[in-house]
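Contents: one structure, followed by commentary.
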Amino acid sequence: MKTLKKKRDFQRVFDGGRFITKRESPIKVYALKEGTDLMVGIMIRKTVINAVGRNYTKRQIKAIFLDLEKEGFSGQYILMPTKGFVKSEFKEKKDRLRRILQNFHNKQNRNPNHRKNL
RNA sequence: CCAGAAGUUUGAACACUCGCAAGUCCUUUUAGGACUUGAGGAAAGUCCGGGCUCCAUAGGGCAAAAUGCUUGGUAACACCAAGGCGGAGAGAUCCGAUGGAAAGUGCAACAGAAAGUAAACCGCCUAGAUUUUUAAUUUAGGUAAGGGUGAAACAGUGAGGUAAGAGCUCACUUAUCUUGUGGGUAACCAUAAGGUACGGUAAACCCCGUUUGGAGCAAGAUCAUGCAGAGAAGUUGAGGCGGCCCGCUGAUUCUCGGGUAGAUUGCUUGAGAUUUAUAGUGAUGUAAAUCCUAGAUAGAUGAGUGUAGAUGAGUGCGUAAAGCACUUUGAACAGAACCCGGCUUAUAGAGCAUCUGGGAGC
RNA sequence: GGGCUUAUAGUGUAACGGAUAGCAUACCUGACUUCGGAUCAGUUGGUAGGGGUUCGAAUCCUCUUAGGCCUA
């Protein structure tokens, strides 16, 4: 797992990718299916929580994505957590993120077949 | 035992799995392995003061700003200690931007007669006039003792004195000034004599004393990468010393357009830490020994699970308190970014030692 | 890193240290109307939070909180 650091990395994801979560979801995820590596960028607003909390969520998300990498996920993601996500438990966070990524991957794999059938 | 006051220390343990940064070593070679180390008392706010770097070795004047009892401490301070004075409290103790109002200017709503070189509303007294004549009205004076207003009204009490009164006089008291004496380094305190009764506000302007050159690690130094030049001013002094003038310096500077934006250093050995001795009421100083203890760069220093578990809540036993058992909950404020000394603000809980008042027992 | 500045009713704004903190609009109540709007009458609601100076503070000083702007 690697982290997105430079401004141009973020810009590339924003240009090529799209939102894969619903509007009322507590965490917003921007995704781009590209390459075999798993890359994550994290954006937390200053108004959401103080510096200690921001670092804490960042570490938790890193730990979650390390596990997800072992399960075989790939792609480039930008995460934007809100207050609801930050205050939830570790297990909730992990389940939610895994579900989001699974949905995204299933759609990516299914869509070409779907078109052929039509 | 209850109620308070003030100080200081600490501020989340163990095991397993996975993972981050720096350094050292090893293997193989630019990846992997082993070992060691890795966030606070406030790292925060950025409110003061310094170090360090560049600009004159940081110079003079004006302006501006800060500060304001005394002595000491310190690299320095708007910090700290001890003391003086004033205020709060029954006390331990706490609070104080605490120089000058007799250099000048201003301000004081409402109320009140009057808010400052003054003042007569009611009242008191004297004289005259009129009338309804031991009284009332009115005119001219005297009067700050009494009333009422206000946050604040030119000293308080008593006696004498007087037409009535008044520091007008006297005694004691209060405040303050001058001089002397004694104590204290000093702020100041005590006391004697003589004078005075001169209001408040400077966190209003102001006056007086003291202090302050500017910029900030994106300071500054070095190496790479990249591009395209054009115009204007300038040794008859551009620009700089970021408020202005003097003074100093002495060749580049400005505008438009184009281009690159990576790395090294500064960077952690320091007004350092710990222990002991010693000087001092204390802040703090001195000496010796030992130790080296984060240096990231969108920002590392951890994540999960389990054990144990402060505290809170509930239930049961118990007359009640204390206590015991079971269930559940599962730990405050907060993240270094050049470095130090303070201040301020946030902070669950735990420990240590001290003082005051009250109650009960011996 | 270094400076400056703001906070007044739901909203937009006034206010010399002395007011019961003003004005507009919105909200609410009543009248008018068959009903609604417009109109008329009336009510509610506020100095960002602590502490100090002063007889008296929205105003002066100071700390905190939340914004905004300039600059390197």
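Residue numbers begin at 1 in each chain, while the letters A, B, ... track the order of the sequences.
Base pairing annotation: B:U24 forms a Watson-Crick or G-U wobble pair with B:A34, both donor-acceptor distances under 3.5 Å. With both pairing distances under 3.5 Å, B:U71 is matched to B:A81 as a Watson-Crick or G-U wobble pair. Nucleotide B:U191 forms a Watson-Crick or G-U wobble pair with B:G180, both donor-acceptor distances falling under 3.5 Å. Figure legend. B:U143 is base-paired to B:G123; pairs are counted as Watson-Crick or G-U wobble with both atom distances under 3.5 Å. Partner assigned to B:U57 is none, using Watson-Crick or G-U wobble distances below 3.5 angstrom. Of all nucleotides present, only B:G272 satisfies the Watson-Crick or G-U wobble test against B:C291, with each distance under 3.5 Å. Nucleotide B:G306: paired with B:C14 (Watson-Crick or G-U wobble, both distances less than 3.5 Å). Pairing of B:G99, defined by two Watson-Crick or G-U wobble distances under 3.5 Å, is identified with B:C207.
Two residues are said to be in side-chain contact when any heavy atoms from C-beta on lie closer than 4.5 Å; A:Thr57 and A:Lys93 meet this criterion. A heavy-atom distance below 4.5 Å is not found between the side chains of A:Val40 and A:Ile78. Within the 4.5 Å cutoff, the side chain of A:Ile27 has heavy atoms near those of the A:Arg96 side chain.
With C1' as the reference atom, B:A197 and B:A166 are 15 Å apart, rounded to whole Å. With both ends at atom P, the span from B:G86 to B:G358 equals 28 Å, rounded to whole Å. B:A78 sits 9 Å from B:C343 when the C1' atoms are compared, rounded to a whole Å. Taking the C1' atoms as reference points, B:A337 lies 12 Å from B:U268, given to the whole Å. As rounded to the nearest Å, B:C189 and B:G68 have C1' atoms that lie 24 Å from one another. Straight-line distance between the C1' atoms of B:A144 and B:C122: roughly 14 Å, to the nearest whole Å. Annotation: C:U33 and C:G18 have their C1' atoms spaced 50 Å apart (nearest Å). The separation of B:A228 from B:A261, taken at their P atoms, amounts to 15 Å, rounded to a whole angstrom.
In this structure, NZ of A:Lys93 is placed 11 Å from C1' of B:A303, rounded to the nearest angstrom. Distance NZ (A:Lys62) to C1' (B:G19): 10 Å, rounded to an integer number of Å. With rounding to whole Å, A:Phe65 atom CZ is found 16 Å from B:G304 atom C1'. If you measure from atom CD1 of A:Ile64 to atom C1' of B:C20, you get 17 Å, rounded to the nearest angstrom. To the nearest angstrom, C1' of B:A303 lies 10 Å from NZ of A:Lys94.
The structure places OH of A:Tyr30 at 13.0 Å from CD of A:Gln76, a figure rounded to the nearest 0.5 Å. Distance CD/A:Glu92 to CG/A:Leu97: 11.5 Å, rounded to 0.5 Å. Annotation: the span from A:Leu101 atom CG to A:Ile20 atom CD1 amounts to 6.0 Å, rounded to 0.5 Å.
Aromatic ring orientation, A:Phe65 versus A:Tyr77: tilted (interplanar angle from 30° to 60°).
Helical stems of RNA chain C (runs of at least 3 Watson-Crick or G-U pairs, donor-acceptor distances under 3.5 Å) are listed by first residue: C:1-7 with C:65-71, C:10-13 with C:22-25, C:28-31 with C:39-42, C:48-52 with C:60-64.
Syn is the conformation of B:U235, whose glycosidic angle sits no further than 90° from 0. In this structure B:U293 sits in the syn conformation; its chi angle is within 90° of 0. In B:U149 the O4'-C1'-N dihedral to the base is more than 90° from 0, which defines an anti nucleotide. The glycosidic torsion of C:C28 lies more than 90° away from 0, which places this base in the anti conformation. Glycosidic conformation of B:G167: syn, with the torsion inside 90° of 0.
With B:U305, B:A300, B:A303 as the candidates, the nucleotide lying closest to the side chain of A:Lys58 is B:A300. Of the candidates B:A303, B:A300, B:U305, B:A303 carries the atom nearest the A:Gln60 side chain, counting heavy atoms from C-beta on.
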